[in-house]
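All remarks here apply to the structure that follows.
All chains are named by letter (A, B, ...) in the order of the sequence lines, taking the proteins before the strands, and each is independently numbered beginning at 1. Just so we're clear, the structure is a prediction, and the values are computed from it rather than from any experiment.
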Protein chains: 2
Amino acid sequence: MRGRPTIYEDDNIIKKAQEVFWQKGYSATSLSDLQKATGAGAGSFYNTFKGGKKEVFKKAIEERRLAFDAFKIELSKSGSPLELIKDFFRSIASAEENEHLKGCIIANTIVEMTFIDENLEDNAVQILKEVEQMFTQAIKNEQIKGNLKTQTDPEILGRYLITFWCGLNTLRRMYPDKNVLKNQIEMQLAVIS
Amino acid sequence: MRGRPTIYEDDNIIKKAQEVFWQKGYSATSLSDLQKATGAGAGSFYNTFKGGKKEVFKKAIEERRLAFDAFKIELSKSGSPLELIKDFFRSIASAEENEHLKGCIIANTIVEMTFIDENLEDNAVQILKEVEQMFTQAIKNEQIKGNLKTQTDPEILGRYLITFWCGLNTLRRMYPDKNVLKNQIEMQLAVIS
DNA sequence: CTATTTATGTATCAATCATTACAAAAATAA
DNA sequence: TTATTTTTGTAATGATTGATACATAAATAG
């Protein structure tokens, strides 16, 4: 391969940029913010991402989708997928305060982008719908196996969990406190048993 | 009173500005947006609000707090306050699509402002905590009167409702659909009975 | 009428925005 | 070595940002 060697890897730029977008959102993050966070100057930045700020944001979101996908695969291998989902919620409580304040980048994007960018909005909505689908399927399977008392439609229960996820996204900022969140999470998970 | 008469009333500017902030959030709303929406030029705008954009946003949020306060007074007069709260949630389902997409301006602000403006963030958090307190108190009273089966700590149940409120803030955008929301709201309210 | 006061509309401000232009740097291919 | 290719760093670009300056309009007080 010819040419000056790359010192700012695409993946690394996206990861660093994701951290800033996650905290400040799309609109409030400036190119200057991204350049400081990634170390890359305007030259490298636009050479790597012709689509500029929006392309990097899309890829940061896409990166997050992959994390959810990885969890989905983990679920499919698990003997007790619903318990894995519940543990996923439980693990939220013990996160660092900064993680509470950051919340979920996908849920954040849905709230921020509604009247700003239809495309980014729809992308984010689609991702959470897939997560919801994952919840629904796990609940359905567990009901079929006779492991759940509740006979409520799994579609409703899946939506209950994604609603909880989105609610937690704000509750965590109101109470970035391990004990408060732990109690709340246990109470809400008890609905699905 | 001396001087040229006011044609852009403070309250009217705030109401019109609130609508824009509600849809686009703080950062993505420009002064140009506000001037278009209110009709007031830069002269009138800064003459009326020395604090500029931020002052108007604060007042738009304050206006919303008053709406919650009004509901609180309505509650105190009601014979069945918990039922009033439940109806408040139920009424969400039948809102217009545009209202679903706008969501709750206070919850939106909490999500947007976390790493952007501590003061605006804290204000919004405080408001939702007061709403939560209103939920908690209504549930506590109903438990004392022996009208509720559930003996779960009213503090947990109040937090459950405010978490639901915040979750609904995103779910409404995912499914701005009357039937989906109606089913979801009924299911979640059934937990408090 | 005149002086005073307040609101308005417009021009302008410096700062920042996202993006582009371009020359120098640093590699490989021939 | 020389030509070619790609990345990098820096210096611009024009547009937009939030905010100010200021002359004029439009009222009242005396």
Partners meeting salt bridge (Lys or Arg N to Asp or Glu O under 4.0 Å) with A:Glu121 (sequence neighbours left out): none
Would you mind reporting whether A:Arg65 and A:Ile61 have side-chain heavy atoms less than 4.5 Å apart? no
Nucleotide nearest A:Tyr8 (side chain, heavy atoms from C-beta), chosen from D:dT7, D:dG9, D:dA3: D:dG9
Under a 4.0 Å heavy-atom criterion, DNA chain C is touched by chain B from C:dT4 to C:dT10
Partners passing side-chain hydrogen bond (donor to acceptor under 3.5 Å, both in side chains) against B:Thr136 (at least two apart in sequence or in another chain): none
For A:Leu66, which fellow cluster members are found when Ile, Leu, Val, Met, Phe, Trp and Tyr are connected by side-chain heavy-atom distances below 4.5 angstrom, either directly or through intermediates? none
Contacts of type side-chain hydrogen bond (donor to acceptor under 3.5 Å, both in side chains), residue A:Lys86, not counting sequence neighbours: none
Side chain to side chain contact (heavy atoms under 4.5 Å, CB included) partners for A:Arg4, two or more places apart: none
Just jot down the ring pair (Phe, Tyr, Trp, His ring centres under 6.0 Å) partners of B:Phe88, sequence neighbours excluded, or say none. B:Phe71, B:Trp165
Using atom types as modelled, flag every donor-acceptor pair under 3.5 Å from a side chain in residues 105-113 of chain A to any protein atom, sequence neighbours excluded.
| from | atom 1 | to | atom 2 | distance (Å) |
| --- | --- | --- | --- | --- |
| A:Asn108 | OD1 | A:Asn169 | ND2 | 2.9 |
| A:Asn108 | OD1 | A:Arg173 | NH2 | 2.5 |
| A:Asn108 | ND2 | A:Lys102 | O | 2.9 |
| A:Asn108 | ND2 | A:Cys104 | O | 3.3 |
| A:Thr109 | OG1 | A:Ile105 | O | 2.6 |
| A:Glu112 | OE1 | A:Tyr26 | N | 2.9 |
| A:Glu112 | OE2 | A:Tyr26 | N | 3.2 |
| A:Glu112 | OE2 | A:Ser27 | N | 2.9 |
| A:Glu112 | OE2 | A:Ser27 | OG | 3.3 |

Contact residues, residues 19-46 of chain B to DNA chain C [heavy atom, < 4.0 Å]: B:Ala42, B:Gly43, B:Ser44
Euclidean distance, atom NZ of residue B:Lys54 to atom P of D:dT17 [Å, nearest integer]: 18 Å
Result for 5'-nearest mapping on DNA chain D, choosing between B:Arg2 and B:Gly52, is B:Gly52
Measure the distance from CZ on B:Phe57 to C1' on D:dG18 and round it to the nearest whole Å. 16 Å
